[in-house]
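Below: one structure, written as C-alpha cells.
Reminder, nothing fancy here: chain letters follow the sequence lines and each chain counts from 1.
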Number of protein chains: 2
Amino acid sequence: MVQKRSDRPAKSEAPTAPRKRGRPRAYEPDVALARAMDVFWRDGFAATSLDTLSAATGMNRPSLYGAFGDKRDIYVKAYERYRERGRQRMADIFASDRPLREQLRQIYAVAIDMYVSGEDGPRGCFTVMTATSEAVFDPVLRELAVSGLDEMDRAFARLFKAAQAKGELAATADPALLAQLASAAIHTLAVRARVRVPRKDLEAIAAAAADLICGRPKDR
Amino acid sequence: MVQKRSDRPAKSEAPTAPRKRGRPRAYEPDVALARAMDVFWRDGFAATSLDTLSAATGMNRPSLYGAFGDKRDIYVKAYERYRERGRQRMADIFASDRPLREQLRQIYAVAIDMYVSGEDGPRGCFTVMTATSEAVFDPVLRELAVSGLDEMDRAFARLFKAAQAKGELAATADPALLAQLASAAIHTLAVRARVRVPRKDLEAIAAAAADLICGRPKDR
DNA sequence: GGATTATTTTGCGAAGTGGTACAAAAAAGA
DNA sequence: TCTTTTTTGTACCACTTCGCAAAATAATCC
C-alpha cells in the first residue's frame with residue numbers, strides 16, 4: 001500500500017475510473033456541459049432558465065450548482081467549451097499550407113456548418129450572438145468575448161502574413177487590418193445564419209469574401 | 001358646425017392639440033417609445049422587464065399596455081422606431097452623389113456613432129444584437145430582422161450600381177454580393193462596438209473596408 | 001455490519017415575472 | 001353640478017425564477 005489518494009489510482013481500464021468514495025454521479029460532467037452549451041448557444045443567457053438547463057442536462061438544480069456553480073458560472077464554462085470546440089475544428093485548416101483562397105473557403109465552410117447547426121434552428125455564433133450581449137456590463141464576460149474575437153483575428157492575421165511571405169497576397173496589404181475584415185465575413189455569416197438565410201446564400205457571401213480578400217480569381 | 005370628429009379639429013396651434021375627451025395623458029407616446037427603445041436596445045428582449053420599461057418611460061404597466069400592447073408589441077414598435085431613425089440618418093448620405101469612397105466613409109461613421117452611443121455603454125446595433133436573437137423562433141420578429149438586414153444590403157447595392165455607372169467601381173464586380181460584404185463591415189462594427197472596442201479601432205476597420213471595396217486608394 | 005463520504009432528491013422561500021381588475025382621478029360636455 | 005369618457009394608480013394574480021437547506025440514497029472504507 002504505497003499510494004494513498006494523492007495520485008491517480010490507475011485502475012485497470014480507461015482513465016475515467018478513479019472510483020471515488022461517495023455516491024456515484026448520475027451524469028457525466030462533460031456531456032452535461034455540452035447540453036448546457038447547446039441551450040445557452042440557442043437561447044442566450046437571459047432567456048435560459050435553470051429549469052431548462054436542468055431538463056437539458058438531466059441534472060436537477062442542486063446538482064447543477066454543485067457541479068458547475070451558479071447560472072453565470074455554467075454560462076462561462078459552456079462558452080469556454082464552445083470556444084475549445086471551435087478551436088479544434090479550425091486548427092487544422094489554419095495550420096495547413098494550402099493556397100490562401102482554399103484555406104479561406106474551408107474556414108468559412110466550417111463556420112457556416114457551425115452556424116446553421118442546431119436541432120430546432122440555426123444558432124449562429126455563440127460569441128457574436130449571446131456573448132457580446134452580456135459583454136457590455138459584465139467585465140469577465142466582456143474579456144471572454146473580446147478574447148474570442150481576438151483569437152479569430154489573430155489566426156487570420158497569421159494566415160495573411162504567411163500568404164504574403166509566399167507571395168499569395170499583396171505585400172502592401174496590412175495583415176492585421178485585413179484579418180479583421182476576414183472576421184467581419186464570419187460575423188455577417190453568423191448574423192445571417194441566425195435569421196435563417198439559406199446555406200446557399202451564405203456560401204455565396206463566403207466565396208465573395210474570399211475573392212475580395214485574395215483579389216479576383218485569375219481563371220474562371 | 002360642419003365638421004364632427006372624423007377629421008382633424010385643426011386647433012389654433014400645433015397639430016398636437018386635438019383635445020380629446022377624457023383624462024389627459026401624463027406621457028408623450030413618442031418620447032415614451034424612445035425610452036423603451038433605449039432599454040430594449042441596451043438589454044435585449046429577454047433581459048428587459050416591464051418594470052424596467054415602466055421606470056424608463058415613466059408610465060406604469062397598465063398604461064404601457066394600453067398604449068403599446070404587451071411586451072412583445074412594445075418591442076416590435078421600439079425596433080421599428082430604431083429602424084426609422086437609422087433610415088433617417090443614412091438617407092442623405094446614400095442619396096448624395098459624392099465619390100463612392102467618401103460615401104462609404106460617411107456611412108460607416110454614422111454607424112459607429114450609433115453603435116458606441118448609449119448612456120451606460122455602447123449598444124451596438126439593435127438589429128444585429130437583439131433582433132437576430134429573437135429571430136430564430138419568432139416568425140414576425142424574424143421577418144423584421146431580415147428586412148432590417150435586407151434594407152441595408154439593398155441600399156449598398158444601389159450605391160455600387162451607381163458607382164459602376166460612374167466608373168468608380170470595376171464593372172466586373174457583383175453589386176449585390178459586394179453589398180453584403182459592405183454590410184458585413186457594418187456587422188463587425190456593431191459586434192466590436194458592443195465589447196467596447198475603442199472608436200479609433202472601429203474607424204480603422206471602417207477605413208480598411210472602404211479601401212478594400214473601392215480598391216486601394218490611388219494617392220496616399 | 002457500521003461509519004464515512006459524495007451525490008441525488010425533495011421541497012421551500014423570497015424575489016421577480018407578465019398581465020389584469022378595479023377604483024380613483026382628471027378632463028370635456030350637458 | 002352631474003354625467004361621460006379616458007387615463008392613471010393601486011393592488012393583485014398565477015406563475016416562474018434562482019438559490020439553497022435538509023433529508024434520502026448509494027457508494028467506499030474499516
Side-chain angles (χ1 to χ4, degrees), chain A residues 1-6 8-12 16-33 35-36 39-40 43-78 134 138, chain B residues 1 3-5 8-9 11-12 16-33 35-36 39-40 43-78 134 138 141:
Chain A
M1 301 295 189
V2 176
Q3 58 182 6
K4 257 289 175 283
R5 69 189 328 281
S6 53
R8 293 287 169 278
K11 202 63 177 303
S12 54
T16 48
R19 281 292 163 212
K20 283 189 303 181
R21 198 116 180 317
R23 176 171 177 169
R25 287 202 181 96
Y27 59 91
E28 269 196 273
D30 202 55
V31 311
L33 194 56
R35 301 284 167 276
V39 173
F40 275 128
D43 294 342
F45 179 79
T48 297
S49 72
L50 288 185
D51 280 340
T52 308
L53 288 173
S54 182
T57 58
M59 305 163 63
N60 44 33
R61 281 208 301 280
S63 293
L64 266 177
Y65 191 84
F68 306 118
D70 67 11
K71 183 180 168 182
R72 186 167 157 286
D73 293 331
I74 307 176
Y75 179 82
V76 168
K77 291 187 170 68
E134 312 303 320
D138 187 319
Chain B
M1 300 296 186
Q3 63 181 6
K4 258 286 174 288
R5 71 188 328 279
R8 292 288 167 278
K11 204 63 179 304
S12 53
T16 47
R19 279 296 162 210
K20 281 187 307 182
R21 196 112 180 322
R23 175 172 177 170
R25 287 202 182 96
Y27 59 91
E28 270 196 272
D30 201 56
V31 311
L33 194 56
R35 300 283 168 277
V39 174
F40 275 128
D43 294 341
F45 179 79
T48 297
S49 71
L50 289 185
D51 280 341
T52 307
L53 287 172
S54 183
T57 58
M59 306 163 64
N60 45 32
R61 281 209 300 275
S63 293
L64 266 177
Y65 191 84
F68 306 116
D70 67 11
K71 183 181 167 181
R72 187 166 157 285
D73 293 331
I74 307 176
Y75 179 82
V76 169
K77 291 187 169 68
E134 312 303 321
D138 187 321
L141 264 36

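For A:Asn60 and A:Ser63, the side-chain atoms include at least one donor-acceptor pair closer than 3.5 Å.
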- Message: Walk me through whether A:Arg61 and A:Asp51 qualify under side chain to side chain contact (heavy atoms under 4.5 Å, CB included).
- Response: CA-CA 7 Å; A:Arg61 281 208 301 280; A:Asp51 280 340; 2.5 Å; yes
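Going from atom CE of A:Met59 over to atom P of C:dT7 covers 10 Å, rounded to whole Å. The CZ atom of A:Arg61 sits 14 Å away from the P atom of C:dG13 (whole-angstrom rounding). A straight line from CZ of A:Arg25 to C1' of D:dA27 spans 13 Å, rounded to a whole angstrom. Here the C1' atom of nucleotide C:dT10 and the CG atom of A:Asp51 are 14 Å apart, to the nearest Å. Nucleotide D:dT16 holds its P atom 17 Å from the CG atom of A:Leu53, rounded to whole Å. When the C1' atom of C:dT20 is taken as reference, atom CG of B:Asp70 falls 13 Å away, rounded to whole Å. Rounded to a whole Å, the CG atom of A:Leu50 is 18 Å from the P atom of C:dA15. Atom NZ in B:Lys71 sits about 17 Å away from atom C1' in C:dT20, given to the nearest Å.
Between A:Phe68 and A:Tyr27, the two ring planes are tilted [angle within 30° to 60°].
Neither OP1 nor OP2 of D:dT7 sits under 4.0 Å from any side-chain N or O of B:Ser63. For D:dG9, one of the phosphate oxygens OP1 or OP2 lies less than 4.0 angstrom from a side-chain nitrogen or oxygen of B:Asn60. One finds no side-chain N or O of B:Tyr65 lying less than 4.0 angstrom from the OP1 or OP2 phosphate oxygen of C:dG18. Using a 4.0 Å cut-off, no side-chain N or O of B:Ser49 falls inside it from OP1 or OP2 of C:dG16. The side chain of B:Arg23 places no N or O atom within less than 4.0 Å of a non-bridging phosphate oxygen (OP1 or OP2) of C:dA25.
Nucleic acid contact class of A:Thr52 (heavy atoms, under 4.0 Å, all strands): none. In this structure, A:Thr48 reaches the sugar-phosphate backbone alone: every heavy-atom distance under 4.0 Å involves primed, P, OP1 or OP2 atoms, never a base.
B:Arg21 contributes no side-chain N or O that forms a donor-acceptor pair with the base of D:dT6 under 3.5 Å.
Distance from the side chain of A:Pro62 is smallest to C:dT10 among C:dA26, C:dT20, C:dT10.
Taking the nucleotide of DNA chain C with the nearest heavy atom to each of B:Arg72 and A:Gly58, the more 5' of the two is matched to A:Gly58. In terms of position on DNA chain C, the residue among B:Ala46 and B:Gly22 whose nearest nucleotide sits closer to the 5' end is B:Ala46.
Looking only at side-chain heavy atoms (C-beta outward), B:Leu141 and B:Tyr75 come within less than 4.5 Å of each other. Taking 4.5 Å as the limit, some side-chain heavy atom of A:Phe40 sits within range of a side-chain heavy atom of A:Leu53.
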